[in-house]
Every structure is written in C-alpha cells, then in structure tokens.
**Q** 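Shown below is the structure under consideration.
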Amino acid sequence: MMSQIPVKKKRQRQSEPTLPTDLEDCVCFPEVVLCLVEKRMGSSRKAFLTTLARRKGFCVEAANSERVTHVVSEGNSGDEVVEWMKRNGSRSVDAAGSGPALLDLSWFTESMSTGRPVEIEPRHCLGVSVQAESLEDRCQVSPYACQRRTPLAHKNQVLTEALETMAEEARFCGSEGRSLAFSRAASVLKSLPWTVRGVKELHFLPCIGEHSRKIIQEVLEDGTSTEVENVRQSERYQTMKHFMKIFGVGVKTASQWYQEGLRTINDLQAHHAKLGKAQQAGLLHYRDLNSPVKRSEAEAIVQVVQKAVDQFLPGASVTLTGGFRRGKPSGHDVDLLITHPVEGQEVGLLSKVISWLDSQDFLLYHSTHRNASQALEDQELSVSMTAMDRLDHCFSIFCLNYPHGSIKGGSRAWEPGYELKDPGDATLWKAVRVDLVVAPYSQFPFALLGWTGSRNFERDLRRFSKHEKKMVLNSHTLYHTEKKIFLSAASEEEIFQHLGLEFMPPEERNA
Ligand code: UTP
Ligand code: MN
C-alpha cells in the first residue's frame with residue numbers, strides 16, 4: 001500500500017508536473033479538509049502528497065486553518081502531532097477528541113487509492129496520551145504576566161532563584177534588556193502549576209531565551225549552575241548588592257563606588273563618599289531597613305497613618321497595597337494608598353499628614369513628590385492630563401514605636417532589626433520604609449492596580465495594553481490611543497474588563 005507513495009526524493013517532486021489551476025481548485029469532498037504534518041514527512045514529500053490529494057479532489061490547508069477536519073501524519077505519535085499542530089498555530093486540535101481526527105498516513109494512502117475519503121477506523125487513529133492534555137495546557141502559557149495566574153508559593157524556586165540572580169547581575173552591569181529577559185523567564189516559571197524536570201518542557205513556554213535555557217539545564221542536570229555560582233561568589237556582585245541595600249543608592253552610585261575601589265560601608269565612611277540626604281538616612285538605618293517588615297508592623301503603620309488622616313480629612317481611607325496586598329507575609333517596605341470619596345477633598349492632604357507625623361516624631365526621613373508621572377512620555381496625553389499632578393507621593397522612613405511593655409523583657413531588642421536606640425528611653429523602635437500615595441477618587445482603582453504590583457505584573461499589564469489593545473495604562477488612567485478617549489473605572493475589575501482581561505485577584509499577581 002505504502003509503495004504507491006514515493007518516499008522523500010527531491011527529484012520526484014521536481015518531475016511532478018504542475019497542475020492547471022482549474023484542476024487544483026476542483027474540490028470533490030468539501031466536508032473533508034486535510035492538513036499534512038510536515039514533521040518527519042519533510043517538506044518535499046509533503047508538497048508531493050498535497051498535490052496528489054488536490055488532484056484527487058481533496059482540500060488541503062495549513063495547520064492554522066480552523067477548517068481542518070483530518071490531520072495526516074507519518075511516523076509521529078499522537079502527542080507529537082498535537083504539539084506540532086499547536087506550534088503551527090492550530091487552535092482546534094485538542095487531546096479530548098473534539099477537534100480534527102489525528103490520522104496515520106495509512107488512512108491517506110487508502111483514501112487516495114480508493115479515490116474518496118475512506119471511513120476512519122481505529123487502526124488509522126493516532127492515540128493521544130492523557131499527558132498530552134497537560135501538554136496542551138503547557139502550550140497555553142501566555143507571554144504576558146497579566147494573563148498568567150501567579151500565586152506566592154510556586155513549584156520552581158531553585159530555578160527562579162538562579163534566573164533572578166542572573167537578572168540582578170545584568171542590572172548591576174546596566175544591561176536592562178538582558179536583566180528583563182532573565183526576569184521574564186523566572187516569572188514564567190513562577191506561574192507553572194508543575195515542577196519543571198527536563199529542558200524538553202521549556203519548548204512549550206514563552207519568554208525562555210537561549211541563556212535562560214542554558215542556566216535551567218545546568219541546574220536541572222547538576223543541581224546548581226556554575227555560571228550562577230560564579231556570579232554569586234564574585235566580588236563585584238557581592239559589593240554591588242551590599243551597597244544597593246542602602247536606601248537611596250542605585251546601580252549608578254554603587255558601581256561608581258565599586259570602581260573607586262570602595263568595598264564596605266566602612267570604606268564609604270573612611271573615604272567620605274559624598275552621600276545625599278536619603279543615602280545618609282539609609283546608612284544610618286541600614287540594619288533596620290534590611291530586616292523584613294512583618295505584616296503586623298505594616299498594620300501598625302496603617303493605624304498611625306489612618307489616625308493622622310482622620311484628623312485632617314474624616315472619611316478618607318488608607319489602603320495597604322504592594323506585596324502585602326498580594327498576600328506576602330513580609331516585605332521590604334509598606335506601600336499605602338490614601339483617597340477620599342469626594343473628589344478634590346484629598347488636595348493638600350499629604351503635606352498636612354506628613355507635617356503631623358513629623359511633629360509626632362514618626363518620621364526619620366521623608367521626601368515628597370508631585371507626580372509629574374511616567375504617562376507624560378506621551379505628548380498626546382500630557383495635554384489632557386492636568387489632573388495628574390495631583391497624585392502626590394512621599395517616600396519616607398518611619399519610626400515604628402514599640403512601647404516598652406509590649407515587648408516581653410525587652411529581649412527582642414537583640415533580635416536582628418531591633419535596636420535599643422536610646423537606653424535612657426523606655427521605648428524600642430524600628431526604622432521602616434513607608435511609601436505614601438494620595439489618589440483622587442476617580443483615579444483610585446488605577447493607583448490601586450499600579451501600586452499592588454508585582455513589578456513584572458505591572459510591566460506586562462502596560463505592555464499588553466499598548467501592544468494588544470492600543471491603550472496606555474498607568475497609575476492614573478487608561479487611555480485609548482485610537483479612539484482618543486479616557487476609559488473610567490470604578491474598580492480594578494472594570495479596568496480588567498476594559499482591557500478584555502480576566503480579572504486577576506492580587507494574590508495571583510505575584511509574577
Ligand atoms: P515595591 O517595590 O514596594 O514592591 O513596589 P513590593 O511588591 O511591594 O515588594 P516588597 O515586598 O516591598 O519588597 C510595589 C508596587 O508599587 C509600584 C511598583 O510598580 C510596584 O508594583 N511603585 C513602586 C511605583 O509605581 N512607583 C514607585 O516609585 C515605587
Ligand atoms: Mn512594597
């Protein structure tokens with residue numbers, strides 16, 4: 001039977017006469033649409049079989065056609081066919097059996113020699129394992145973090161830690177693009193409901209570049225990656241990490257210090273490195289600011305800020321955002337969002353709150369900004385966005401008090417992060433980074449969405465808006481660049497709706 005069909009031979013295809021179009025277009029079996037799987041068949045043989053089928057009145061289309069009813073393959077397993085079809089843009093193929101029939105070449109040869117599509121029999125069908133269904137799920141991982149559910153606890157910790165070290169190292173070198181690539185790869189792995197055990201599984205995943213793949217392979221095979229370990233051991237990486245833990249110090253300053261030969265905090269002091277106000281405060285509270293902020297501490301700060309807000313603007317609310325809103329048990333800072341249901345009432349509130357907190361010795365450092373905003377990159381927007389400079393924020397270092405009695409025996413003073421700052425003073429305290437943001441009520445859902453994070457989630461939400469929806473999203477508004485309109489929203493859910501996205505609760509935004 002098989003002998004009727006020539007095996008791969010270039011010459012044979014060349015000798016095949018080209019068909020007149022009228023013949024080629026003559027479809028005798030409109031209810032049957034074939035798709036030939038090129039994998040293992042090869043392109044020339046596929047072309048030959050396609051011509052043959054068309055001459056016999058069969059319709060043949062590409063894998064991405066929704067009309068395909070019969071998928072014909074030679075030498076592939078059912079799972080391989082599912083995978084190949086998916087990779088070639090098929091949306092209708094599935095392992096559950098509702099899509100096109102997955103057939104062995106025997107069905108094709110029999111049909112060709114009979115001159116019509118023969119009845120499909122079990123012996124023609126390619127079996128698809130249950131695993132292929134999860135294989136199918138694996139094909140559906142979105143390249144956008146805002147379309148992936150990413151819980152806090154995930155199954156690929158060792159791999160993501162390795163990739164995030166590489167991302168950090170690239171950032172230390174000023175290679176933002178490379179850093180983003182590693183960061184994206186790590187983010188994809190965080191969203192997977194299974195543990196990656198082999199590099200083969202990576203074929204189904206988006207955003208895994210060559211270098212990331214290599215790191216993952218090393219970790220899977222050896223339990224650790226030499227390249228990552230070398231980075232972690234390197235003096236430059238360690239020093240940069242150390243310096244950047246100082247509040248107010250970024251890549252530029254840290255790498256300048258490194259180049260000047262500075263290695264430790266003592267070096268900074270000995271060489272009188274020029275420090276800004278934020279950096280001085282950062283250095284002063286280095287230990288506290290690098291010990292995780294617990295949820296209970298964040299909640300205590302919410303109480304203090306709420307008390308301050310209530311004095312000046314009753315009815316105003318204080319919402320805990322950032323990592324804590326995503327369910328993290330601890331964080332590096334406390335992100336608070338303030339608003340009032342009567343638009344306009346919030347104007348001037350932040351400076352009053354800051355003054356009061358300062359007068360009560362709650363602030364060790366603060367720096368207030370009027371948000372000139374990232375959105376103003378777009379000229380078109382800047383004209384219509386005058387309300388925006390009202391979104392004020394303040395980066396501060398809070399002095400969180402621990403009344404003497406609330407800490408048993410004062411023993412916790414010796415835990416990392418707790419210092420008895422003034423032995424004469426009967427209170428214990430801890431320096432905590434706090435970001436305060438005030439949003440007008442109409443912008444609150446956008447600000448809430450923007451400050452809840454994670455950073456990977458936010459970045460992709462904006463990228464998705466721009467590239468897939470022609471919209472500009474920021475912490476203030478959503479703007480349709482073609483319709484030239486602002487889309488208002490009364491809740492985060494409405495913003496997701498505008499974007500045509502399924503709502504993602506904060507706990508699943510840990511991308
Ligand atoms: P954070 O840096 O506080 O991250 O920014 P986090 O997720 O809360 O993590 P930890 O637990 O503190 O380490 C929180 C969100 O606030 C936004 C970021 O986009 C992020 O999504 N943000 C932060 C801004 O929009 N602007 C800023 O200046 C800082
Ligand atoms: Mn935070």
Side-chain angles (χ1 to χ4, degrees), residues 241-254 256-257 262 264-266 268-269 272-309 311-312 318-324 330-338 348-372 391-403 413 416-422 425 427-439 451 453:
K241 213 169 156 62
H242 191 47
F243 285 157
M244 284 179 57
K245 277 161 93 186
I246 304 171
F247 170 60
V249 176
V251 172
K252 232 177 115 187
T253 310
Q256 193 185 323
W257 287 341
L262 308 179
T264 63
I265 301 227
N266 279 343
L268 289 184
Q269 282 156 340
H272 307 286
K274 269 194 209 143
L275 299 178
K277 274 191 91 173
Q279 295 162 355
Q280 282 173 29
L283 208 48
L284 199 60
H285 305 293
Y286 187 87
R287 204 166 87 128
D288 277 6
L289 298 184
N290 284 294
S291 84
V293 183
K294 285 180 239 150
R295 182 173 288 274
S296 58
E297 293 167 335
E299 277 159 3
I301 288 170
V302 171
Q303 297 300 314
V304 174
V305 175
Q306 184 73 62
K307 195 176 152 196
V309 163
Q311 295 185 35
F312 303 106
V318 178
T319 308
L320 185 55
T321 67
F324 287 111
S330 65
H332 96 284
D333 68 355
V334 180
D335 305 289
L336 300 178
L337 183 57
I338 302 168
L349 177 63
L350 188 62
S351 59
K352 290 180 201 158
V353 167
I354 297 296
S355 301
W356 184 82
L357 289 171
D358 204 19
S359 73
Q360 301 293 304
D361 293 328
F362 276 118
L363 296 181
L364 298 163
Y365 166 88
H366 65 93
S367 142
T368 310
H369 303 264
R370 301 219 116 196
N371 203 339
L391 198 73
D392 296 345
H393 64 250
C394 175
F395 298 124
S396 75
I397 300 175
F398 227 78
C399 174
L400 180 60
N401 283 301
Y402 281 85
Y418 291 86
E419 291 164 20
L420 201 54
K421 307 284 159 83
D422 175 3
D425 189 349
T427 58
L428 296 165
W429 56 275
K430 180 186 177 184
V432 178
R433 275 272 298 110
V434 178
D435 288 344
L436 297 170
V437 183
V438 177
W451 280 81

**Q** Start with the C-alpha distance between F243 and T264, add both sets of side-chain angles, then the distance that settles side chain to side chain contact (heavy atoms under 4.5 Å, CB included), and finish with yes or no.
**A** CA-CA 8 Å; F243 285 157; T264 63; 5.8 Å; no
**Q** Looking only at heavy atoms, what is the nearest atom pair of F312 and K352, with distance?
**A**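 In this case the closest contact between F312 and K352 is CE1-O, 3.6 Å.
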**Q** If I take atom NZ from residue K245 and atom CG from residue L283, how far apart are they, to the nearest 0.5 angstrom?
**A** 13.0 Å
**Q** Do I265 and Y286 come within less than 4.5 Å of each other through their side chains, counting heavy atoms only?
**A** yes
**Q** Of all heavy-atom pairs between Q279 and G248, which one has the smallest distance, and what is that distance?
**A**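 Shortest heavy-atom separation between Q279 and G248 comes out as NE2-O, 3.0 Å.
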**Q** Can you tell if the side chain of L350 reaches within under 4.5 Å of the side chain of T368, non-hydrogen atoms only?
**A** yes
**Q** At what distance, to the nearest 0.5 angstrom, does NE2 of H242 lie from CG of L268?
**A** 8.0 Å
**Q** Looking only at heavy atoms, what is the nearest atom pair of A308 and V353, with distance?
**A** CB-CG1, 4.0 Å
**Q** Check K430 against D288 and note the closest heavy-atom contact, atom names and distance.
**A**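 So the two residues come closest at CA-OD2, 3.3 Å.
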**Q** Please report the closest heavy-atom contact between I246 and G282, naming both atoms and the distance.
**A** CG2-C, 3.9 Å
**Q** Can you find a heavy atom in the side chain of D333 that is under 4.5 Å from one in the side chain of D435?
**A**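 A side-chain contact exists here, since the closest heavy-atom pair is under 4.5 Å.
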**Q** Does L349 reach the side chain of I338, with side-chain heavy atoms less than 4.5 Å apart?
**A** yes
**Q** Checking F362 against C399 for the side chain to side chain contact (heavy atoms under 4.5 Å, CB included) test, could you report, in this order, the C-alpha distance in whole Å, the side-chain angles of both residues, the deciding distance, and whether it holds?
**A** CA-CA 5 Å; F362 276 118; C399 174; 5.5 Å; no
**Q** Nearest 0.5 Å please: distance from the CG atom of L275 over to the CD atom of Q269.
**A** 8.5 Å
**Q** Enter the distance from L320:CG to W451:CH2 here, rounded to the nearest 0.5 Å.
**A** 13.0 Å
**Q** I need the minimum non-hydrogen distance between G323 and D335, along with the two atoms involved.
**A**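 Heavy atoms of G323 and D335 come nearest at N-OD2, 4.3 Å.
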**Q** Answer yes or no: is there a side-chain heavy-atom contact under 4.5 Å between F395 and R433?
**A**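 Contact flag for F395/R433 side chains = yes.
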**Q** Do V249 and W257 make a side-chain contact, defined as non-hydrogen atoms from C-beta onward lying under 4.5 Å apart?
**A**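 In short, these two side chains touch, coming nearer than 4.5 Å.
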**Q** Kindly state whether the ring of H332 and the ring of F247 have centres lying under 6.0 angstrom apart.
**A** no
**Q** Taking the ring of H285 and the ring of Y365, is the distance between their centroids below 6.0 Å?
**A**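 Ring-ring flag for Y365/H285: false, centres at least 6.0 Å apart.
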**Q** Between S330 (side chain only) and P292 (backbone N and O only), is there a donor and an acceptor less than 3.5 Å apart?
**A** no
**Q** Under the criterion side chain to side chain contact (heavy atoms under 4.5 Å, CB included), I'd like the reasoning laid out for D392 against V437: C-alpha separation, chi angles, the key distance, then a yes or no.
**A** CA-CA 6 Å; D392 296 345; V437 183; over 6 Å; no
**Q** Roughly how far, to the nearest 0.5 Å, is the OG atom of S355 from the CD atom of Q360?
**A**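 With rounding to 0.5 Å, CD (Q360) is 11.5 Å from OG (S355).
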**Q** Do L436 and L337 have side chains that approach each other closer than 4.5 Å (heavy atoms only, starting at C-beta)?
**A**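 Heavy-atom side-chain distance check fails, nothing below 4.5 Å.
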**Q** Should L357 and V304 count as side-chain neighbours, where that means a heavy-atom distance under 4.5 Å?
**A**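 Yes; the side chains approach each other to less than 4.5 Å.
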**Q** Evaluate side chain to side chain contact (heavy atoms under 4.5 Å, CB included) for T321 paired with L336, printing each intermediate quantity in order.
**A** CA-CA 6 Å; T321 67; L336 300 178; over 6 Å; no
**Q** If you measure from OG on S359 to CD1 on I354, what distance do you get to the nearest 0.5 Å?
**A**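 So the OG of S359 and the CD1 of I354 are separated by 11.0 Å.
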